[in-house]
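Order of the sequence lines fixes the chain letters, A, B, ..., with proteins taken first and strands second; residue numbering starts at 1 for each chain. Model, not experiment: these values are computed from the prediction.
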Number of protein chains: 2
Amino acid sequence: MTKIKNMEEFAALSGISRPTVSKYFHDPDSVRPTTRARIEEALERFDYRPNIYAVNQNRKLTKNIGIVVPYLADPFFAEIARYLEQSCIAAGYRPSLFSSHGEQNLENEILDGLQSMKPAGVLLAPLGRISDRSAIEKFCANVPTILFDSNLEGLGAAFVGSDNFSFVSQTVEYMTRTGEPPSFFEMRTPANPNANKRRKAYVEVMERLGFEPHVIKIDGKGWAFEEIGHRGALKVLEQRELRTNSVLCSNDRLAIGFLAACYEQGIRVGRKEDCMLRVASNDDHPFAKFTCPSLTTAAHDYDNVAGRSVEALFELIENGGKLDSRTETLFPARLVLRDSA
Amino acid sequence: MTKIKNMEEFAALSGISRPTVSKYFHDPDSVRPTTRARIEEALERFDYRPNIYAVNQNRKLTKNIGIVVPYLADPFFAEIARYLEQSCIAAGYRPSLFSSHGEQNLENEILDGLQSMKPAGVLLAPLGRISDRSAIEKFCANVPTILFDSNLEGLGAAFVGSDNFSFVSQTVEYMTRTGEPPSFFEMRTPANPNANKRRKAYVEVMERLGFEPHVIKIDGKGWAFEEIGHRGALKVLEQRELRTNSVLCSNDRLAIGFLAACYEQGIRVGRKEDCMLRVASNDDHPFAKFTCPSLTTAAHDYDNVAGRSVEALFELIENGGKLDSRTETLFPARLVLRDSA
DNA sequence: CTTAAATTTTAACGCGCGTAAAGTTTTAGT
DNA sequence: ACTAAAACTTTACGCGCGTTAAAATTTAAG
């Protein structure tokens, strides 16, 4: 196995001219089967691969795709990212994964670095209200971008996410139908714009059902939702802020903290006879199944959100980076009944 | 704001020659302050940035660093990855994050893709026993690599991780000292080599303390540890396999499943009077604080493991990719006492 | 076996930038 | 102000590969 330096050398060793070899690497089917066989045979013997930098420098369009999520330590995003990565690879692209880690300046830096990578397209789940809108706007003007999970009005070529109204309406309706109407438990200054949509949906659904909405806002900032939910729950329980025996958390991570607080206080949660409280939530976090009690929640349609996102991106790329109009695709939730409500 | 095509053009606009501009981008301090000022002034007016592909093609050494973890949906790795990323950026490198998602072929593909990226160095947390040892060996021969978290004997220029013996000895000693000696709860075919070291440590410590080790092996494969721990715990509890009232789980994610099972079965866990069982674990998973009850566990020294890893990598890079001898750095655990044991 | 069609080869240019050599200007030290 | 050192400019080449146009070859069709 001699070391191959470049395509010239490899071409010589394989007995095929360099332009043809180049063509082969661009699309193996674009050369005659016999020459393809000869190249692939040489490929086995010498194990050469084109220099990706030289390739990307000369191609008008790279095969790179950027995937940016706001917080990778959240298994929800890790899970979606996995799906997105695999879809991109399957389509012959090279995905690069980035996490903003909940910080605006990091999101901006990532977008900056991404531009110099000249990606064919980017799948961006922005931080949301923390995002630097103008920076993202500028980025979207230069790079074909699909927004997902968290919508920034008018930005990106398309948005794909979940229908927050569907989430909340299902949980609220379920809880009222089988018990008492829930209070809504959320952060005072939520990091994610989905949170606002969920609160609005809660208020609307409650009013439609003829109940008075009761929103409980707890303090805390950042992405340590469990901690914030835990602290908030302790306060709520202590001060008896709940008007009914049921609570709907804005998201599962808050609910995880809430349930931990209930456990500590000896408050049994669930729909059984001896339970004092019912807790439901939104997202279907990977760990929601293992809370105590297991968490009743409205599940994201992971597969469809991720699938539609890459689909939209590929359309966008094939369309030369522009789509006729900005579409917003929302997928409804699936109510997952477990023990907590 | 005219669009700048290349460095030639930018150099002309800034009134500085291209080679000097090139030098500036390589190291802003390498040019005279006055010319630096002129360049940066032009930079503000025209917003140009060197084509990263052209740069990397010509530099003998890129500024890329690859970070590979076995499973990003595990918040433990997400957390470490965040620290590693930030350290690399602070040192002027461009980190790229990859997750093997628990699959050997993906790990191999990532390593393959990484090679064509000609990184200055790679921080690799391998899958462990699932890893394709020969593939990784080949990779390490071509790319300066530091292994972390999970050791593959002899591979990579150095290894940085946690001292599994320290983890287990602390938890076992604590549990025996304050109660009964624990059984050890683990997967029959653990995905991670740390698991084996932990079992061995358990047996050794137990024997040293004069107790008979009792290892409970549960079935299941893959990385859905919570699910596996949950199922396994139900079986263990049903068949009364525990000989004492205390259990040490191989890792926190198994423990999360175990605690969920206990809750479902109405078995109170903790060290209070009315508790039937004590459960401890290893890792200090980000969610360990929010289990019910909160989980007593041996915590990784995140900061030191991550810090020492990048330190070792930078040494390696500055040393031209070779170190005198392969070192293995192990950091001890810190026992975190919570409510479960 | 002839001929048109399809492929491959040859030759050459360009991409954007690193880098080296030689010459010119600026800076610093006394 | 004078000189050596430092920094800059000019010129030119190379990196590894995409791409193109014309020439040569192979293949498929009749």
Side-chain angles (χ1 to χ4, degrees), chain A residues 2-43 46-64 92 94 113 115-120, chain B residues 2-43 46-64 92 94 113 115-120:
Chain A
T2 45
K3 277 282 165 197
I4 310 289
K5 234 188 30 219
N6 54 30
M7 194 182 281
E8 193 77 52
E9 213 171 293
F10 173 76
L13 285 167
S14 70
I16 307 287
S17 72
R18 188 175 71 76
T20 304
V21 171
S22 171
K23 215 167 157 233
Y24 164 83
F25 278 112
H26 185 73
D27 174 12
D29 285 321
S30 68
V31 301
R32 203 167 2 204
T34 59
T35 66
R36 171 172 179 171
R38 287 174 68 189
I39 292 176
E40 283 172 349
E41 180 188 319
L43 223 41
F46 301 110
D47 151 63
Y48 155 82
R49 63 189 336 152
N51 179 317
I52 189 175
Y53 295 109
V55 171
N56 280 336
Q57 178 180 17
N58 294 311
R59 254 214 267 276
K60 45 221 80 184
L61 223 59
T62 70
K63 281 290 190 178
N64 298 328
R94 306 186 80 249
Q115 281 203 50
S116 71
M117 233 168 72
K118 299 195 193 305
Chain B
T2 46
K3 276 284 166 198
I4 310 288
K5 231 186 38 212
N6 54 29
M7 193 182 283
E8 191 78 52
E9 213 170 294
F10 173 75
L13 286 168
S14 71
I16 308 286
S17 71
R18 189 176 70 76
T20 303
V21 171
S22 172
K23 218 172 153 225
Y24 164 84
F25 279 112
H26 185 72
D27 174 12
D29 284 321
S30 68
V31 302
R32 202 181 302 158
T34 58
T35 64
R36 173 170 179 172
R38 289 174 66 191
I39 292 176
E40 282 171 351
E41 180 188 318
L43 223 42
F46 301 111
D47 150 64
Y48 155 83
R49 64 193 329 153
N51 179 317
I52 190 177
Y53 295 107
V55 171
N56 281 335
Q57 177 180 19
N58 294 311
R59 253 214 269 276
K60 48 220 77 184
L61 222 58
T62 70
K63 281 287 189 180
N64 298 329
R94 305 185 82 248
Q115 280 205 50
S116 71
M117 232 167 71
K118 298 195 193 308

Residue mapping more 5' on DNA chain C - nearest nucleotide basis, A/Pro33 or B/Ile52: A/Pro33
Length of the line joining B/Tyr24:OH and D/dA7:C1', which is rounded to integer Å: 17 Å
Atom pairs, protein N/O to nucleotides 28-30 of chain C N/O, distance under 3.5 Å:
none

Spacing of B/Glu9 atom CD relative to C/dC17 atom P, expressed in whole Å: 10 Å
Spatial distance of atom OG1 (B/Thr35) from atom CD1 (B/Ile39) [nearest 0.5 Å]: 5.0 Å
Sub-4.5 Å side-chain heavy-atom contact between A/Lys63 and A/Val55: no
Separation of D/dT9 C1' from B/Arg38 CZ (nearest whole Å): 12 Å
Qualifying ring pair (Phe, Tyr, Trp, His ring centres under 6.0 Å) pairs, either residue in residues 8-29 of chain B, two or more places apart: B/Phe10-B/Tyr48, B/Phe25-B/Tyr48
All side chain to side chain contact (heavy atoms under 4.5 Å, CB included) counterparts of B/Ile52, not counting sequence neighbours: A/Ser116, B/Asn56, B/Arg94
Interatomic distance, B/Lys63 NZ vs C/dC17 P [rounded to whole Å]: 18 Å
Residue pairs involving residues 13-27 of chain A (criterion salt bridge (Lys or Arg N to Asp or Glu O under 4.0 Å); sequence neighbours excluded): A/Glu8-A/Arg18
Rounded distance [0.5 Å steps], CG in A/Leu43 versus CZ in A/Arg49: 9.0 Å
Heavy-atom protein contacts under 4.0 Å, nucleotides 14-30 of chain D, coded B base, S sugar-phosphate only, - none: BBBBBB-------S---
Interatomic distance, B/Leu13 atom CG to B/Phe46 atom CZ [nearest 0.5 angstrom]: 4.5 Å
Residues forming a side chain to side chain contact (heavy atoms under 4.5 Å, CB included) with A/Asn58, sequence neighbours excluded: none
Phosphate contact (C/dT7 OP1 or OP2) by A/Thr20 side-chain N/O below 4.0 Å: no
